[in-house]
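Working notes, structure below.
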2 protein chains.
Amino acid sequence: MADRQIDTLLLSVGHDLPYLSGYTAMPLERLTMLVVPRDADATMVIPRLEAARVTPQPGVFDLLPWGETEDPTAIVGTLSAGARRIAVGDQMWARFLVELLPHLPDASFTRAVDVVGPLRMSKDDAEIAALAAAGAAVDTIAGELQRGEIPLVGRTEAEVSAHLGRRIIEEGHQRVNFAIVAAGENAASPHHHAGSRVIRENEIVLTDFGGTMDGYCSDTTRCVFTGEIPADVAEAYAVLHEAQAAGVAAATVGTPCQDVDRAARAIIADAGYGEYFIHRTGHGIGLEEHEDPYIVEGNTLPLEAGHAFSVEPGIYVPGSWGMRLEDIAVATADGPRALNNSNHELVSVDA
Amino acid sequence: MADRQIDTLLLSVGHDLPYLSGYTAMPLERLTMLVVPRDADATMVIPRLEAARVTPQPGVFDLLPWGETEDPTAIVGTLSAGARRIAVGDQMWARFLVELLPHLPDASFTRAVDVVGPLRMSKDDAEIAALAAAGAAVDTIAGELQRGEIPLVGRTEAEVSAHLGRRIIEEGHQRVNFAIVAAGENAASPHHHAGSRVIRENEIVLTDFGGTMDGYCSDTTRCVFTGEIPADVAEAYAVLHEAQAAGVAAATVGTPCQDVDRAARAIIADAGYGEYFIHRTGHGIGLEEHEDPYIVEGNTLPLEAGHAFSVEPGIYVPGSWGMRLEDIAVATADGPRALNNSNHELVSVDA
């Protein structure tokens with residue numbers, strides 16, 4: 001906070017608060033806010049009826065419960081009085097910032113991720129083990145898809161998505177974060193919403209799924225083909241496969257994040273598919289599905305040991321098909337380590 | 001917007017955007033924002049890789065996809081240029097407001113709920129039918145609890161919570177919003193987090209659960225007792241039952257919201273339990289679990305036909321036990337209509 005000239009940190013809904021305090025705010029209209037002044041004790045402002053949820057941590061923060069007819073933003077304003085530069089958590093509801101602004105007319109605001117992000121970005125061994133366990137769980141499901149044990153043809157995308165969701169929970173996650181299932185031309189939409197489209201024979205099916213297991217997230221993408229793979233799809237997939245492997249291989253300690261993106265992108269561009277790779281190569285992962293570091297052009301941050309992130313290039317031909325291949329990787333002193341180890345090929349599944 | 005001197009409305013993550021546009025923003029770090037100027041056409045700023053998720057609505061809004069290396073807040077800043085007073089959606093990530101502030105140094109900010117809230121608050125017949133269907137689904141589960149068909153004694157709160165969550169999905173909800181299970185002294189914490197506490201014989205078990213079904217939320221609270229109900233608990237429950245019924249009965253068109261709270265609270269206070277009723281009487285419900293109108297002291301808004309909200313008084317004795325009874329009610333021209341109809345008694349379930 002001193003390095004960044006931040007006087008007060010305000011954390012509410014989102015992952016910074018549990019990372020620092022062990023407590024997750026309820027995502028509702030009653031304000032929970034950890035107020036962390038640079039040079040004074042921290043205070044957790046919390047609805048009185050939720051105070052019992054918090055495990056007291058004397059010496060870390062004081063609890064300040066507020067009653068149903070009190071104004072909690074006024075309380076936070078008082079606790080933040082005099083702060084000139086205030087950092088707020090990314091996912092705090094904008095409502096609370098709007099209500100705080102009049103209480104703090106002289107303050108400027110910035111993102112708490114500048115303070116908490118670097119802490120969260122460097123995973124320790126226990127965190128990497130948690131990410132690896134979540135990764136192994138979704139790998140099991142990817143294997144089922146690739147062996148044809150999860151029926152595809154004749155079912156809707158939404159049905160397969162629900163099936164993946166159930167399996168994510170059965171494999172030990174507490175929460176499903178997403179289960180994208182996109183068939184044929186729908187796979188050209190990277191964040192396609194699984195819908196009523198029935199999966200047919202002889203098309204690509206893109207699946208991208210993950211959840212949260214013991215606090216840490218999984219995220220993997222595999223494509224299968226419901227029939228014999230046509231030459232154009234096979235050719236493109238070979239390029240994608242090579243690009244994804246190159247991205248992982250580039251993820252060594254000290255490499256700027258954008259160079260991982262460039263390593264994957266160059267292979268796709270050189271093969272003539274550059275215009276069809278319309279997103280960044282990856283995102284950090286941890287408590288949150290998407291967090292720092294982002295593997296994107298313009299991010300010159302050098303990778304450090306313990307940085308965990310996705311490497312997920314894609315090729316999307318509008319109206320025809322799309323494909324993406326994704327592993328979570330960790331930068332380590334011994335080189336890049338992939339946390340997903342299911343088959344990386346485009347597998348043909350029996351119709 | 002004109003009545004409230006709002007020049008521009010900014011909607012992102014949250015329920016205002018789907019209410020007005022039919023599109024739900026992904027709750028991730030890539031900005032989706034519907035920019036609605038008072039006197040010009042609306043524009044939906046959306047990540048390019050999510051543009052295909054949106055059903056185009058010509059004449060309602062234009063789509064403006066942004067690429068991975070563009071700055072979407074700068075785009076929103078340009079679209080909002082000249083606006084003096086900007087209303088933002090409650091659940092928009094604070095991050096985006098923080099990033100917008102420097103682009104709009106002369107603007108003041110307020111809550112979009114002032115514009116969209118009154119629209120969302122008045123449910124039409126289809127919305128009430130959706131709330132009633134969701135309510136009937138959770139009533140089925142409450143009946144199972146009351147008939148002892150969901151085992152309690154010997155299981156942990158977390159196990160019972162997971163069981164309720166599965167049943168919520170099986171009964172037709174797409175999402176579980178919460179499934180509070182609080183046994184004995186834990187029931188004195190209104191928002192208790194279901195944990196490893198094993199449910200025993202001869203104690204109260206408070207369950208408060210709901211989900212989202214076809215867009216609309218359910219929410220009901222019932223308590224059961226795992227054995228013969230002791231006199232002190234029975235006496236308090238009789239008061240609670242009377243208070244909850246009085247709250248519903250008071251919910252007639254034209255009645256200020258706070259008078260519904262007062263009707264329930266007076267009965268609890270008169271019986272000597274006033275200090276143990278530590279929260280408001282209720283909250284509006286619709287697309288969102290908690291929304292306007294809030295049934296709380298200080299809210300003088302008169303109820304209108306179509307307002308839907310919970311009536312859920314509680315009595316919480318710290319260290320001993322807690323109890324709450326909750327129905328969703330709708331104000332109609334014919335008087336209050338309760339959408340939950342499971343048994344309102346404190347039922348003794350066999351251990």
Side-chain angles (χ1 to χ4, degrees), chain A residues 10 12-14 24 26-30 47-53 67-69 86-99 101-102 108-113 162 166 169 174 178 186 188-193 261 278-280 283 288-291 294 296-298 314 316 318, chain B residues 10 12-14 24 26-30 47-53 67-69 86-102 108-113 162 169 174 178 186 188-193 261 278-280 283 288-291 294 296-298 314 316 318:
Chain A
L10 299 179
S12 179
V13 168
T24 302
M26 297 192 78
L28 291 171
E29 74 288 356
R30 291 185 183 93
R48 187 175 159 200
L49 74 166
E50 292 162 18
R53 295 172 65 96
E68 291 284 79
T69 54
I86 296 177
V88 304
D90 272 1
Q91 294 161 35
M92 184 173 120
W93 286 14
R95 170 206 169 149
F96 297 116
L97 182 52
V98 164
E99 291 178 330
L101 290 173
S108 69
F109 290 85
T110 184
R111 293 172 61 196
V113 72
R166 287 192 300 273
I169 297 297
Q174 284 77 43
F178 50 87
N186 283 346
S189 171
H191 276 177
H192 177 66
H193 180 70
D261 181 272
I278 59 173
H279 57 70
R280 67 190 177 207
H283 54 80
E288 207 164 341
E289 307 148 65
H290 292 183
E291 60 182 47
Y294 290 96
V296 62
E297 181 67 30
Y316 310 95
Chain B
L10 298 179
S12 180
V13 167
T24 302
M26 297 192 79
L28 292 170
E29 74 288 356
R30 291 186 184 91
R48 186 175 160 201
L49 75 165
E50 292 162 16
R53 295 172 65 96
E68 290 284 77
T69 54
I86 296 177
V88 304
D90 271 2
Q91 294 162 35
M92 183 173 121
W93 285 14
R95 168 204 171 150
F96 297 116
L97 182 52
V98 164
E99 292 179 329
L100 262 175
L101 291 173
S108 68
F109 291 84
T110 184
R111 293 173 61 197
V113 73
I169 297 296
Q174 285 76 43
F178 50 87
N186 283 346
S189 171
H191 276 179
H192 177 66
H193 181 71
D261 181 272
I278 59 172
H279 56 70
R280 65 189 178 207
H283 54 80
E288 207 164 342
E289 306 148 64
H290 291 183
E291 59 181 49
Y294 289 97
V296 61
E297 181 67 30
Y316 310 96

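Throughout, protein chains are lettered first and strands after them, A, B, ... in sequence-line order, and every chain is numbered starting at 1. Computation of the quantities below employed the complete heavy-atom set of this structure, encompassing side-chain atoms and omitting hydrogens, waters and symmetry-equivalent molecules.
Interface remark: A:Y294 contributes side-chain atoms only to the contact with chain B (heavy atom separation under 4.5 Å). Looking at B:H192, only its backbone comes within 4.5 Å of chain A, counting heavy atoms on both sides. With a threshold of 4.5 angstrom between heavy atoms, B:E291 does not approach chain A through any atom at all. For chain A, the nearby part of B:E289 is the side chain; its heavy atoms alone come within less than 4.5 Å. In this structure, the portion of B:L101 lying under 4.5 Å from any heavy atom of chain A is its side chain and not its backbone.
We find the CZ-NE2 distance between A:R30 and B:H290 to be 6.5 Å, quoted to the nearest 0.5 Å. Here A:H279 contributes atom NE2 and B:T69 contributes atom OG1; the two are 14.0 Å apart, rounded to the nearest 0.5 Å. To the nearest 0.5 Å, atom CZ of residue B:F96 and atom CD of residue A:Q91 are 9.0 Å apart.
Among all heavy-atom pairs drawn from A:D90 and B:W93, the shortest one is O-CB, 3.2 Å. A:V296 and B:E68 get closest at one heavy-atom pair: CG2-O, 4.3 Å. Taking all atoms of both residues into account, the shortest heavy-atom contact from B:A52 to A:S189 is CB-OG, 3.4 Å.
The environment of CZ in A:R111 is crowded: more than 12 heavy-atom neighbours from other residues, nucleotides or ligands sit within 6.0 Å.
At a threshold of 4.5 Å between non-hydrogen side-chain atoms, the residues B:H191 and A:L28 count as touching.
A salt bridge links A:R280 with B:E29: the closest approach of a Lys/Arg side-chain nitrogen to an acidic carboxylate oxygen falls below 4.0 angstrom.
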